[in-house]
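Report on one structure; see the data block that follows.
Small disclaimer: the values here were computed from a predicted structure and weren't measured. To find a chain, count down the sequence lines: A is the first, B the second, and so on, and within it residues start at 1.
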Amino acid sequence: MSSTILDDVSVTLSDEVTKRVYISSKAAVEWMCDSSFSNTNGPIDRVYEVLVENILFPTHEYSRIEEFSQKIYNLEFPGHWVEEGINKPNILAKDNAVSICKQLYTRYNLIPSSILPTKEEGIYIDYDNFDSDKSLSLIIETYNDSATAVVVYDNINNNTLYSEDINELNFEKAVRSFKE
Amino acid sequence: MNLISKKRFGVLKNNVFKIPILARLFRHKFSPIDFLPEEKLYRSYFINELPVKIEPRKLKASFLSFPNISCNWSRFSKPEDVIKRSGGSPKAGCLSFTVEQARYHGKIATCHDPNPPSGPKNYSHSELRQLLPSEDQFKEPPKDRAKLETEKDGWSRRVRLEYRNYIAKVLNIEIEPLA
């Protein structure tokens, strides 16, 4: 079971293997940071978290990510926006949008309700939470200049519960507010 | 004496321009304070601005952009006017929101901008203009001001998204667009 990590990631890994991959990834990153890589790639914890996410991510879930990517890279842009001088989402906004969808899916199991181009020049993504008596929306826009903003909105009481200008695509607080 | 005359003239003028046909006749330009909170603002939209394959197909914040959102003021316009106007599309739909909703806790001024030189003749034409934190929502900010999108202007990206999302959530559909 443990020998197939790189050959076939769809195989379910035991806890022991998961732990070992975690430890070896961390060790590898620490080694890279100590040597010629220095610490320019950000906190070690984040780097090995990304490594583990990528190593342990089952294949069937990749198809879901692939679905998001296809949608983002093939978004239709309203013709009259072009006439109004609105720029289409650029590659930076698209790449960021894919990273956001991937992150929110892998970490929080969130699937977007809609992905659209935005008239503010970038990509719009939203998620719905209809748990219990609530109706909340998590709305994210990532723009052509790489800025990203998030809003958590209460659809019943019509008010904004949380909003943030996002740095380094960290949605922890926003998701907490959305899932509460 | 002169002061009293001016005051009387002001009262007279305000009463005269409460009658829409006279206001239109004299091409009177109203100030932001003249917009009543419950009055509506109409705006056109198109079917391709709605998300596909999602039911119900509702407009999202993505269809709205700043600055200077153009609208028709309900005091001088009906929903169908946004479709029938010169340069309008028969396939367009019409949505509305109230002046109170548009003002968004005093962050936006509703400005009457009759017959703008850049567009077709339209007496009801109005604009939603962003305000700086120091500005009064009942005084008109400059037209064609550059986009406000920084924290120091009170309009960071998250605030802009908050506002656009709020409008998308509270708006009413007056006329559905055609495919």
For atom NZ of A:K179, decide whether the heavy atoms of other residues, nucleotides or ligands shown that lie under 6.0 angstrom number more than 12. yes
So for A:T160, is it side chain, backbone, both, or neither that comes closer than 4.5 Å to the heavy atoms of chain B? side chain
Using every non-hydrogen atom in the two residues, find where B:E49 and A:H80 come nearest and quote the distance to one decimal. OE2-NE2, 3.3 Å
Which atoms of B:E149 are under 4.5 Å from chain A, going by heavy atoms: the side chain, the backbone, both sets, or neither? neither
Would B:Y123 end up clustered with B:V82 when hydrophobic side chains under 4.5 Å apart are linked, directly or stepwise? no
If you draw a 6.0 Å radius around CD in B:E38, do more than 12 non-hydrogen atoms from other residues or ligands fall strictly inside? yes
Nearest heavy-atom neighbours spanning B:S62 and A:L116: OG-CD1, 3.5 Å
Where on A:N155 is there a heavy atom nearer than 4.5 Å to chain B: the side chain, the backbone, both, or neither? side chain
Any chance you could measure B:N48, atom CG, to A:W81, atom CH2, to the nearest 0.5 Å? 8.0 Å
Checking heavy atoms, do the side chain of A:I139, its backbone, both or neither come under 4.5 Å from chain B? both
Cut-off 3.5 Å, side chains only: do A:T118 and B:K60 have a donor facing an acceptor? no
Do A:I123 and A:L169 land in one hydrophobic cluster if side-chain heavy atoms of ILVMFWY residues count as linked below 4.5 Å? yes
Step-by-step side-chain contact (heavy atoms from CB on, under 4.5 Å) determination, B:F63 to A:K119: CA-CA 6 Å; B:F63 89 102; A:K119 217 171 177 180; 5.7 Å; no
Shortest non-hydrogen contact between B:Y166 and A:N158, atoms and distance: CE1-O, 4.2 Å
Does CD in A:E84 sit with more than 12 non-hydrogen atoms of other residues, nucleotides or ligands closer than 6.0 Å? yes
Verify side-chain contact (heavy atoms from CB on, under 4.5 Å) between B:L161 and A:Y153, making sure each step is shown before the conclusion. CA-CA 11 Å; B:L161 180 58; A:Y153 193 80; over 6 Å; no
For A:I156, does the CD1 atom sit with more than 12 other heavy atoms under 6.0 Å from it, leaving out its own atoms? yes
Hydrophobic clustering (ILVMFWY, side-chain heavy atoms < 4.5 Å, transitive) - are B:I173 and B:I175 grouped together? no
Quick one: do A:E141 and B:R164 make a salt bridge, cutoff under 4.0 Å? yes
B:R157: which of A:T148, A:D165, A:D145 passes side-chain hydrogen bond (donor to acceptor under 3.5 Å, both in side chains): A:D145
If you group Ile, Leu, Val, Met, Phe, Trp and Tyr by side-chain heavy-atom gaps below 4.5 Å, do B:F76 and B:L36 land in one group? no
Report the distance from atom CD of B:E162 to atom CG of A:N159, rounding to the nearest 0.5 Å. 10.0 Å
Just so I understand: if I count every heavy-atom pair under 4.5 Å between each of A:G122, A:S163, A:A149 and chain B, which residue has the most? A:S163
Are more than 12 heavy atoms from other residues, nucleotides or ligands located less than 6.0 Å from atom CD of B:E100? no
In terms of heavy-atom contacts, does NZ of A:K88 have more than 12 from other residues, nucleotides or ligands at under 6.0 Å? no
